Each structure stands twice: as structure tokens, then as C-alpha cells.
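Note that the structure is predicted; figures quoted are calculated from it, not measured.
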Amino acid sequence: MSDISELWIILCALIVLDLQCGFLCLEAGTVRAKNAGNVALKNISDICCVATVYWLVGFGIMFGASAGGLFGTTGFFLPLDNSSGETAALFFFQLAFAATAATIVSGAVAERERYVGYVIYSLFLGALVYPVVGHWVWSGAILSETQGWLQQTGFHDFAGGTVVHSVGGWAALVAICIVGPRLGRFTHVRRRFEGSSTAMKALGAVFLWIGWGAFNGGSALFFGEAVGPIIARTTIGAAGGGVAAIVISLLIYRYPRVDIIINGILAGLVAGTAGIDVYDATDAFLVGAIGSVVMVMAFEVLEAFKIDDVVAAVPVHLAAGIWGTMAVALFGDMTVLPTTSRFEQLGIQIWGIASVGLWVTGTLIPVALVLKNIGLFRAAKRDEVRGLNLAENHEHNALSEVIQQIRSHHRKGEIGTRLMIERSNENSALAISFNGVLDKIEGEISTQLQRLNEEREMRVLAENSFSALRKVQEESAWAARHDALTGLGNRVLLEEVSNSSNALQNGGILYVAIDLDRFKDVNDSFGHEAGDRVLVTIADRLRARLRRGQDFAFRIGGDEFIALVDFNGDEGQAQHYCDDLVDALCVPTNFGPTQLKTGASIGFAIANRDEQGVETRRRADLALYEAKAHGRNRAVAYASTMGALQDERLEMLNDFKLAFERAEISIQLQPQVCAQSRDVLGCEVLARWEHPKRGRLSPDVFLPLAEELGLTARLDARIFTLAMDAWADMTAAGIDMPGISINVSVQRLADPALLADIKEHLPFPGTLTIEILETAFIEDGSEDVQDRIWELKSHGVNVEVDDFGTGNASIAGVLELRPDRLKIDRVFVPGIDQNRERGNLVKGMIDMAHSVGTEVTVEGVETEAEAAALVAAGADALQGYLFGRPMHLRDFITWMEKRETSPQKLSG
């Protein structure tokens, strides 16, 4: 070998060794920052450890005197004295190749392989696995006169497409399959972890591109006229791989994907390595481009099989290396290849690929399994989460210390403690922001505690002032047969169970029909997610009360349920059972910070002997209709008279649907007077239904019908229109009515059209009063009612709480809204002039209202004695038969005209 060739090989070896810089930058930039230092250390360690074992035994096994073309037997422990110039140069060049083969593995198993296990694995690769393959392919080229057995067959691998890259790729594939994927890499979604630096990855690719020229150029083993074209074709092959990767990224991934383009360039380099000496420029470009396509296909295969290759070492080095080795037969110049046909050469190339794959995997799988079993291969989960920089190399950084403090706060719950702020680093902003969040939380907790204390004080005051209030209130195929949401049976399963149950033929079955009350309000106010929570909770409560294998529950509609109970008791026992079930189903459902309040109505029937299930269910349904018609939240047993009552109820429902079209809805007016002076303060608008057969019906008859039909808001809107028309007629008749009161339901309150109607018809602020039942605060329970009330008040509408004292709403909660007026229900009035306890109760209510600036109207006043007692108690306004009964508009106008012309105030 000439001096210049020796110099050329040494120079190329130095540049090839520079490949380690490329691998280091590429792998450190690809992994997460918490592991970048660890993977860089493994790259550096490759050079040290592989150089050592390759010097001791690897070079001899690879290039020593051949034992049957299988491995070398001389050349171990090279002295490398000054007289071994040519041998030393070749040793140094091949040492760089051996380090490259080992480094391919480090990127593939990054972020979860332990350092010690990786070093041991690399030692086996550099000392035994790689040298044996090198002997098979290249041994006759340097020290040994005997060619390796693959070389003898005509196998062609110019610069290591198989010897270096496939060996490294096979070793990487064994390692990643045994060590397993990174934590969280393959869950229900395919996560792609963000690398520490894209720029460093790109820099690594450029280093590798430069080193590859020396990789291929030095493999000629002499400096001659072929070196320049080989290096030029190397660059053309890399360009082909890069162009193909860019096209693939834009066509398949729809954006220029950094990792695919970088790996496409590397795949083009790897693919050309085996035959770069027998290609022309076009061949090199096509081989590199196809290598990039093969790399992408292999990448997607690994993803499909959930094999985690951090830097795509297997697609780039193994897949592209295999393709490049076969491409020698498909694109190479046959005049310089040892065989006479491409088909024969392809067979030899494939045989060599398979032999090398079997040798590498068969040798390294046992090594990897032993390392795994003794705990040296895979890092502990805790270390993997913390990052190998910290776990193995004890490298700390400011961000990890801040995160550690945050975790300590989370674990100990020390909200009062703040993070230490080190203003000299960039993570101080994170600590300051976290401390600011803690300040906000503490402030919000303090505010909420203060509000809770205030509400508790008001509640105690209310309870002490109205101790008699409670006494008055006490006087008044699976998926085809099951519901997907609740898991209960559906109608199909109900029919099957009803038809197949032997008990139905002999009685002993209790049919329980259940319908939830106010469920639609929950959906309207809180959304369908809240409604689903209620349905699931109801289903769980039903299951808790049923015996498995004996009793069954079904969801047969939106909020309709059926229970079939194996039952041998009488009707009284069934009533007790169903009453308890109502109590259980009426417990509010937790939904975040809100409690969703729904009720339940139950109808039940006990199966008669030889009665068909459909008939028993029909009787239970009739009982359910009766329960809903009489106040809901109750259980009702079937009675023989219910059929006729149900027919009557259905007739009433149908009639009410037509009442709007037939203009049967009307209003009456009842005056409200000043308690002291008896001057008229206004009038209340009362709804009436002029039924063509049943005569005039009051709201207690048709309001439940409107609610069941979902027409409550429409009814309120009709009454509002009639009231405004009546007000206009009174004004036209010369009656100056100071104010008018209209009842509004919760459904109408939620209607955006209400505020628009008020803005259109309100003559002056303070003249219109909206009356809202106290029970609205119980049945709705959301902040929406309060928000709408404040909105109405802001537009000059007075708000009055009607029937106050008959519901169970929090007194403090009602008064917190600062209503303009409370209307005390008529139930408190009878006998108030004689019942001292009742008088004190009413006076307490009035005093409480006055304490927050709210006036009080008392309805149901029928005698002068009652009026006098209420005046003494401090009432502001009175309403009742004593002053005037409900009247049609003409009668009311006549009544007002007589009153205005009378020298004395009329009392009836």
C-alpha cells in the first residue's frame, strides 16, 4: 500500500469516527431533554468500550487467519508499533466502522435502557458479533489470504450496507423488542414525544452526511481515480433519499415532517453503501430514493406492531441496509460483479442477508434476555419518569427542581407554603406563576368561608325567629336487550322476561312503574350530561334494592323505568316497599358542585293469577298516571276506578291542547290595597280556563295539565298578553292603575322572549310585578333563576315571591335576592286575630322581610278582624274577598269607577 493510500485511509477513518458526532447530535436532539445527556454519554462510551474490545479480540476475529472462512484466529491484541503502519491504518479504519455499528443501537433504545446494560450489550457486539460478520464478507481483503465464506459465494458489500448497518439494525431490533416501549408511548393514542432540539437533529444529519463520504471513499482502501466518483455518488444517493422523503411527507403526512426527511436522507446513504462502487449516478439516486420509501414503510410497520424505535434506527439502518444489499444485484454493473446474471447475484445477496440476520439475532437475543432477567437492561419506571440524566448521571437542572417542589406540594397538600424563587434562572417565572395560583386559591377559599359563615348566621337567625314555621308546613343480544347508558334492560328484555317468567302464571310478581319528575328541567338547565348522571344514579339505586336473579329493572324510555319484583305479600306491604323506593329515588344527585333535584312518581300493581304480563303492566301504568296527577313524588296502588279516571284525564289533556286555539284561556283581576289607607295599589292577574262543558276552571285544575304537556311557558305568555291588553283597556277607560301583578313559572322565566315582551309593553318602571312561586327555589335550585330575577329587576320590573311560607326554600336564600315584595300565603290568615302563635309567626316573617327592605302582601283576607291583625303585624298590602273577588275586566273597571266616585273606601 502506498503512503498516500495509507494517509487517505487514516484521514477517512478520522472522518468516519466523526460519524459519532453526527449520531450524538441526532440522538440527543431526538430524545427528550431529560435524557439527552445520558444518550450522549452512551455515544461517547461506544468509542471507548468498542475500541478496547475490538483491539483485544475483534480485529483478530475479523481479519486474522481464517478458520474455514468462519472467523479469524490470529491478530489479537495488536501491538500497533511504529512498524505496523499499513495494518494500524486498516485497524483504525475498521475500528470506526465497529463503533458505528454499536452506536446504531444507542438511539433505538434511548430513554429507557440502563447505561451498564447498554455497555455490556455493545461489548458483545463489538468483540464478537460484528467481527464474525466482517470476517465472512471482508476477511480476504487485508491480513488473511483466505476469503470469508460469504465472500467466496460472490456476496458483494462494498462499504458495509450489511456488515455495518444491517448488523447494527438487527442488534437494535433485538434490543427494542426485549426492552419494550417507553412508558406512555403506545396507549389508546400513538404519542410522539417531542425531542429536545430539532436544530441539533438536523446538525447531526449533516455530520453524518459528511462522514459518509469518508465511509464509502475510504472503503476503496487506496487513493485512486475511483474515490472521487464514489464520494460524489454517495451525495447523489443521499439527495435521492431526501427528495423521496420530502415528496412522501407532503403527499402522505400533508406537511414537511422533520424526522421523515432527516431519516430519508440517512436511508439514502445507507441504501447506497453496499454497491456504491458499481453504480452510476442515476443508479445511486434511484437506490437512495427507494431506500427512503422502504424506510417509511418499515417505520409504519414498527408503529403498527407497537415497537418503539426512538430514532428510527431499524427503518434507516436495517430496512434500508437490506434493500441496498439487494439493490447491488438489481442496479450494479454486471461487468464487475462476480456472477453472470442479476438473478443469481440477487440469490447470493439474499442468502447473505439471511445468514447475517440469523447470526446477529441468534447471538444477541440470549445476551439481551440475561441482561433483562438480572435487571440491567430496562430502567425502573420511576427513573424513566424522572429522566435518565438525573436517575443515572445525577444531573440536576432548575426546571426539575421546580417540578419536584410542585410535586411535594401536591403530595403534602401544603397550600400555605410557596415555592422558592431563584431569580437568576429562566424558571423563576414558573415558580412565580405557581405561587400566584396558590395566592388566588387561598383568597377564594377565604371568600367562600366568609360567605358560608354569613349564611350560617342568617340560617340560625331564621330558625330562631320562625320556630313555628315547621308546624304550619307539616299541616299542608346484550346491546339489543339493555340500555347502553344505565346498563338496565330495555323494552325487548322486559317483554322476554314478562313472557318467560313462571311466576307470572301464578301471581307473585309486583309490577312497579316509575317516572322521574322534573327531569326535563334538569336537561334544560344543566345539559344532557347532567341528565345522564341522574339516569345512571337512579339505575344504581334501583339495582341496590333488587335481589340478583329474583328481581329485574328496566329503562323503557327517556326517564321511565319498570321493576319486576318477586313478591308474595299483600297490597299494604307493596305500598310500604314502593314508598321507601320513592324516598330513595328522590335523594338529590351530585353533579360537580351542584345537587340535581328530581322526584319520582310510582304506580304499582300485583299480578293476578293467570294474568298476562302486559295486562299487569297496564294496571301499573294507570296507577302511575294517578300518582303524577295528584302531586307526584308518591307511590299509588292500582284501583279498579282508575281506568275511567285515566280516560277523563286524557280527555282533559286533549281539551287543554285545543284551549289556546279556541281562545278559552281568560283572565280575572283581583284588587290589592294598602293595608293602612285601603287605597288600591294594583291588581293581580288570575288565569282561568273557560271550558265549553265543565265551565270555568281554576289554575289548580289546568296547571298540572300544562306542565305535563310542556305548555307552561306558552300559557304564561298568553296570560301576559291578555294582562297587557287589559291594562291598555283600563287606561283607555280612564282608570289609572298604579300597578299590575302577573304570575310567571320557572319555565317562562327561562324563556328569552319574556324580557323582550316586558320591554315592549312596560309603560313605566315599577308598575309591573312578576310573581314567582317560592317553590321555584326548590324545584330549580340553579343560579339561572337568580340571574334572571336580577336581570328583570335591572329593567324596572318588581319581583314578588308568591305563596311564601308554604315551600321549603331557604328563607335566607330567598331574601338574599332582595325581592321587592313577599306575598304570605292564605294558609297563615284564618284565625290570625285569635291565634297568638300564628300572629307572632306572621309578624316574624314581616319583620324579617322589612329588615332587608322588602314589602309584604298578605292574601286570603276575608274579615275586618283579620285585616286589623295583619295591619298590627306590619303588613304593607292586603288582598282577599274582603276587598274584592276576582272579576272580569268590565266588572273590574265598573268596580274601580264606583270606588273612585264613592266618598268612602269600599271594602268588597
Side-chain angles (χ1 to χ4, degrees), residues 455 458-459 461-473 476 670-676 680-686 738-746 749 766-781 785-786 788-790 792-793 796-830 832 838-861 866-867 869-880 882-883:
E455 183 176 348
M458 291 188 68
R459 187 181 299 112
L461 176 61
E463 289 175 354
N464 292 337
S465 302
F466 302 109
S467 59
L469 179 59
R470 290 185 180 178
K471 182 177 179 181
V472 175
Q473 292 176 335
S476 19
Q670 186 175 25
Q672 298 173 328
V673 302
C674 174
Q676 294 287 347
V680 175
L681 301 177
C683 65
E684 180 181 5
V685 178
L686 303 171
I740 190 168
S741 299
I742 304 174
N743 289 279
V744 170
S745 64
V746 174
L749 195 63
T767 56
L768 175 63
T769 299
I770 294 298
E771 296 191 21
I772 303 172
L773 291 176
E774 180 194 349
T775 53
F777 298 92
I778 305 172
E779 295 178 353
D780 189 275
V785 171
Q786 301 180 19
R788 296 306 301 272
I789 289 175
W790 285 113
L792 290 173
K793 289 170 65 69
V797 178
N798 296 326
V799 175
E800 180 174 273
V801 178
D802 197 10
D803 292 348
F804 183 74
T806 60
N808 294 307
S810 165
I811 296 175
V814 173
L815 294 179
E816 186 180 359
L817 291 173
R818 298 294 193 273
D820 300 281
R821 188 176 300 148
L822 294 182
K823 180 180 283 188
I824 296 178
D825 190 73
R826 67 181 68 250
V827 71
F828 297 95
V829 176
I832 192 172
R838 182 162 297 185
N840 290 336
L841 173 61
V842 172
K843 187 178 187 307
M845 292 183 189
I846 295 172
D847 290 343
M848 177 64 76
H850 287 170
S851 69
V852 295
T854 298
E855 296 182 352
V856 176
T857 298
V858 183
E859 62 181 350
V861 182
E866 291 172 349
L870 292 170
V871 170
D876 300 290
L878 303 176
Q879 179 180 342
L882 176 63
F883 313 105

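The two residues Gly860 and Val829 have their closest heavy-atom pair at O-CG1, 3.6 Å. Closest heavy-atom contact between Phe883 and Pro671: O-CG, 4.3 Å. Across all non-hydrogen atoms, the minimal contact from Ala875 to Ala675 is O-CB, 3.3 Å. Pairing each heavy atom of Ile832 with each of Ala869, the nearest pair is CG2-CB, 4.0 Å. Between Ser741 and Glu771, the shortest heavy-atom contact is CB-OE2, 3.2 Å.
Side-chain atoms of Leu768 and Ile740, non-hydrogen and from C-beta on, do get closer than 4.5 Å to each other. Residues Asp825 and Glu859 have side chains in contact (heavy-atom distance under 4.5 Å, counting atoms from C-beta outward). Within the 4.5 Å cutoff, no side-chain heavy atoms of Leu822 are placed close to those of Met845. Counting heavy atoms from C-beta on, the side chains of Glu684 and Lys823 come closer than 4.5 Å.
Expressed to the nearest 0.5 Å, how far CD1 of Ile742 lies from OG1 of Thr769 amounts to 9.0 Å. The CZ atom of Arg821 sits 5.5 Å away from the CD atom of Glu855 when rounded to the nearest 0.5 Å. Atom CZ in Arg826 sits 7.5 Å away from atom CD in Gln879 (nearest 0.5 Å). To the nearest 0.5 Å, atoms CG (Leu878) and CD1 (Ile824) are separated by 10.5 Å. In this structure, CG on Asp820 lies 10.5 Å from CG on Leu792, to the nearest 0.5 angstrom. With rounding to the nearest 0.5 angstrom, the SG atom of Cys683 is 10.0 Å from the CD atom of Gln670.
For the side-chain contact (heavy atoms from CB on, under 4.5 Å) criterion with Asp876, the lone passing option out of Thr854, Val856, Leu681 is Val856.
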